[in-house]
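Below is one structure, written out as structure tokens; the observations come after it.
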Amino acid sequence: MDKLNSTINTFFTMSKVNKISEVAILPSMADGIIWPAIPSPATNAILSLAYQLEESQWWAPEVLTAFQLRQIENLLKHAWRSVPYYRQMLEDVVKIPTGMLRMDEFRCIPLLRKSDLQAHRNELKSRGLPKIHLPLYETQTSGSTGPPVKLIGTSVTELFHSALGIRWNAWHKRNLNSKRANIRFPLDAEAQTAHTHQSWSRAYTSGPMVTIGVNQPIEKQVEWLLDENPHYLTTFPSNLDALLVHCANSGIRIPNLREVSTRGESLSAHARTLCEQVWGVPLNDLYGAIEFGHIAMQCPGTNHYHIQSEHLLVEILDDDGICVKPGCTGRVVITDLHNFAMPLVRYEVEDLAVLGSTCSCGRGLPVIEKILGRTRSMFVLPTGDKYMPLYSDALFELKKVIPSIKQTKLIQRTRRDVTMRMVVSQALSETEELKVTKEMAIALGGHFEIQLEYVDEISRAASGKFEEAICEVAEN
């Protein structure tokens with residue numbers, strides 16, 4: 001029972017309460033009633049889900065899997081009845097008696113790829129959505145690695161996203177009355193405007209959230225952070241790297257800062273250590289996607305990630321479509337258990353991840369050891385084999401000894417040639433150029449020749465994300 005109540009207690013009272021400022025107050029639907037609040041039906045639904053999630057995270061993995069399969073049965077039957085794209089594909093699976101679906105049978109369903117979603121978007125819409133799932137909303141992927149994909153969500157998927165947001169804050173014991181700074185998405189056409197919101201979430205009344213566009217110069221971002229002096233900061237890993245390097249060189253700390261969280265890109269190996277060294281605060285990472293919301297959250301006690309199995313079934317598959325073993329790398333494939341408006345069944349998100357082992361924290365939620373990045377970022381070796389370039393530590397060390405390197409991007413042009421595109425504050429000497437090409441060649445396993453290319457700017461995607469490596473080598 002102590003574990004069952006820990007998240008709810010942490011979320012609303014931060015354990016023992018000594019000051020009113022430590023309590024996050026629920027919005028009350030009754031005029032004149034402030035406390036104790038009388039929540040709206042929507043807020044009650046979110047809190048009910050959060051309470052159930054607190055219990056289920058401690059279940060054994062096999063129990064979680066059994067419940068996932070029961071929910072998948074309902075999803076597949078709905079998709080077969082009302083979604084044209086799945087009508088023929090699921091004909092055999094839906095004949096399996098209720099409660100008898102096995103994981104190996106589910107994995108016989110073909111993968112859904114982004115190209116399928118783009119080509120068959122209308123056929124993937126349900127023609128018989130239950131009214132309880134209304135209203136609908138539309139969103140789309142960032143387009144950082146290709147054409148955007150348009151998606152449909154429901155009021156039910158929104159409830160799960162809000163409840164998982166409560167879990168994310170509770171796991172890391174955030175004081176919800178504090179100020180949160182967000183440096184992620186460009187906010188308008190010029191990406192110049194800073195905004196302030198009254199609360200972090202629609203589920204509760206919290207401290208303010210202040211936001212600025214990630215396209216602002218790093219110097220201006222730091223100046224803004226010093227002016228706002230937030231307790232929590234959320235940004236992209238690539239932007240955090242730039243902030244930390246700037247602050248390390250200038251000896252700048254954010255006085256009130258308690259924690260940094262990152263999402264949207266792969267996290268470099270050195271980021272957590274640098275965050276502790278420069279700002280003296282921990283870094284917690286979240287793996288998510290527009291299509292699914294929270295996919296995996298960093299464990300409160302370790303640096304790996306727990307898959308959010310109550311909402312998503314996540315598979316990590318090898319090139320033959322077989323689930324990898326712990327410690328091995330595979331492609332991430334996801335099924336949303338609750339999106340009945342546009343069911344995404346075994347959807348390949350084009351990410352690579354390393355499957356983890358059972359976590360020492362006691363949670364039964366599966367583990368992702370590391371998110372490696374997009375499949376588009378994989379290089380092609382001279383032999384034709386695929387290769388994930390892991391060079392962030394080498395690049396970090398280069399920037400320490402050659403601080404004029406401000407931004408970089410690796411582009412594989414051929415099987416033997418990689419261009420390192422660079423933004424620099426001053427021209428590199430011949431000795432520095434030789435050092436860069438030598439160290440990056442070593443970091444890439446000695447497989448490629450490195451050419452340098454100087455540019456004035458390396459733009460982010462419209463979403464604010466930054467792609468640090470891309471492969472332009474055509475597959476045979």
Side-chain angles (χ1 to χ4, degrees), residues 11 24 139 142 144 161-187 191 193-204 206-216 218 220-247 252-268 271-272 274-276 278-290 292-300 303 305-306 308 371 460-461 463-466:
F11 179 68
T139 186
S142 63
S144 58
H161 297 167
S162 295
L164 290 170
I166 290 177
R167 169 184 274 180
W168 175 233
N169 288 323
W171 275 10
H172 298 287
K173 299 181 179 179
R174 299 180 182 116
N175 185 328
L176 303 179
N177 281 327
S178 302
K179 181 187 286 189
R180 174 180 165 188
N182 192 23
I183 309 178
R184 294 184 64 221
F185 304 109
L187 299 174
T193 307
H195 290 185
T196 300
H197 302 278
Q198 295 304 309
S199 184
W200 300 10
S201 167
R202 66 190 180 100
Y204 49 84
S206 72
M209 181 174 73
V210 293
T211 305
I212 194 172
V214 72
N215 284 12
Q216 293 276 20
I218 289 298
K220 190 165 185 178
Q221 290 184 34
V222 173
E223 180 182 332
W224 177 80
L225 283 171
L226 288 170
D227 287 342
E228 293 290 349
N229 199 15
H231 301 90
Y232 301 100
L233 168 63
T234 301
T235 191
F236 293 114
S238 60
N239 194 62
L240 177 63
D241 278 351
L243 287 170
L244 290 172
V245 169
H246 178 87
C247 289
I252 295 173
R253 283 204 174 197
I254 315 301
N256 281 344
L257 195 63
R258 299 172 183 168
E259 179 203 347
V260 173
S261 60
T262 50
R263 61 193 303 175
E265 300 169 347
S266 297
L267 188 68
S268 59
R272 290 188 175 90
L274 189 61
C275 196
E276 288 275 6
V278 177
W279 284 341
V281 300
L283 189 161
N284 290 302
D285 190 42
L286 185 148
Y287 174 42
I290 293 294
F292 301 105
H294 303 71
I295 298 172
M297 303 175 186
Q298 185 177 323
C299 175
N303 288 342
Y305 305 78
H306 282 294
Q308 302 305 291
I371 296 101
R460 291 177 175 270
S463 64
K465 294 182 181 181
F466 183 74

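Just so it is clear, the model here is predicted, and its values are computed rather than measured.
- Counting all heavy atoms, side chain and backbone alike, Tyr232 lies closest to Arg258 at OH-NH1, 3.7 Å.
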| said: For Ile252 and Leu226: C-alpha separation, side-chain torsions, deciding distance, then whether side-chain contact (heavy atoms from CB on, under 4.5 Å) applies. | reply: CA-CA 9 Å; Ile252 295 173; Leu226 288 170; 3.9 Å; yes

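- Here SG of Cys299 is found 13.0 Å from CG of Asp285. Values are rounded to the nearest 0.5 Å.
- Looking at Asn239 and Glu265, their side chains never come closer than 4.5 Å, going by heavy atoms from C-beta outward.
- In this structure, the separation between CG on Leu243 and OG1 on Thr235 is 6.0 Å, given to the nearest 0.5 Å.
- Between Leu164 and Met297, the closest heavy-atom pair is O-CE, 3.1 Å.
- Using a distance-only test at 3.5 Å, with no hydrogens or angles considered, no donor-acceptor pair links the side chain of Arg180 to the main chain of Pro208.
- The closest side-chain heavy-atom distance from Leu267 to Leu283 is below 4.5 Å.
- Of the listed residues (Gln308, His306, His172), just one forms a side-chain hydrogen bond (donor to acceptor under 3.5 Å, both in side chains) with Arg167, and that residue is Gln308.
- Pairing each heavy atom of Ile183 with each of Gln221, the nearest pair is CG2-OE1, 3.3 Å.
- Here the straight-line distance linking atom CZ of Arg253 with atom CG of Leu225 works out to 14.5 Å at 0.5 Å rounding.
- In this structure, Glu228 CD and Asn256 CG are separated by 11.5 Å, a value rounded to the nearest 0.5 Å.
- Pro230 and Ile254 get closest at one heavy-atom pair: CD-CG2, 3.9 Å.
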| Trp224/Val210 under side-chain contact (heavy atoms from CB on, under 4.5 Å): CA gap, chis, key distance, verdict | CA-CA 10 Å; Trp224 177 80; Val210 293; 3.7 Å; yes

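- A donor-acceptor pair is defined here as one N or O able to donate and one able to accept, closer than 3.5 Å; no such pair exists between the side chain of Glu259 and the backbone of Arg174.
- Taking NZ of Lys220 as the start and CG of Asp227 as the end, the distance is 11.0 Å to the nearest 0.5 Å.
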| Trp171 and Gln298: side-chain contact (heavy atoms from CB on, under 4.5 Å), yes or no, with the steps? | CA-CA 9 Å; Trp171 275 10; Gln298 185 177 323; over 6 Å; no

| Test log, rule side-chain contact (heavy atoms from CB on, under 4.5 Å), inputs Thr262 and Thr234 | CA-CA 6 Å; Thr262 50; Thr234 301; over 6 Å; no

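- Side-chain atoms of Val222 and Cys247, non-hydrogen and from C-beta on, do get closer than 4.5 Å to each other.
- A tilted orientation is assigned to the rings of His161 and His294, their planes being inclined by 30° to 60°.
- For Ala242 against Ile218, the heavy-atom pair with the smallest separation is CB-CD1, 3.5 Å.
- Nearest heavy atom pair, residue Tyr305 against residue Asn303, reads CE1-O, 3.9 Å.
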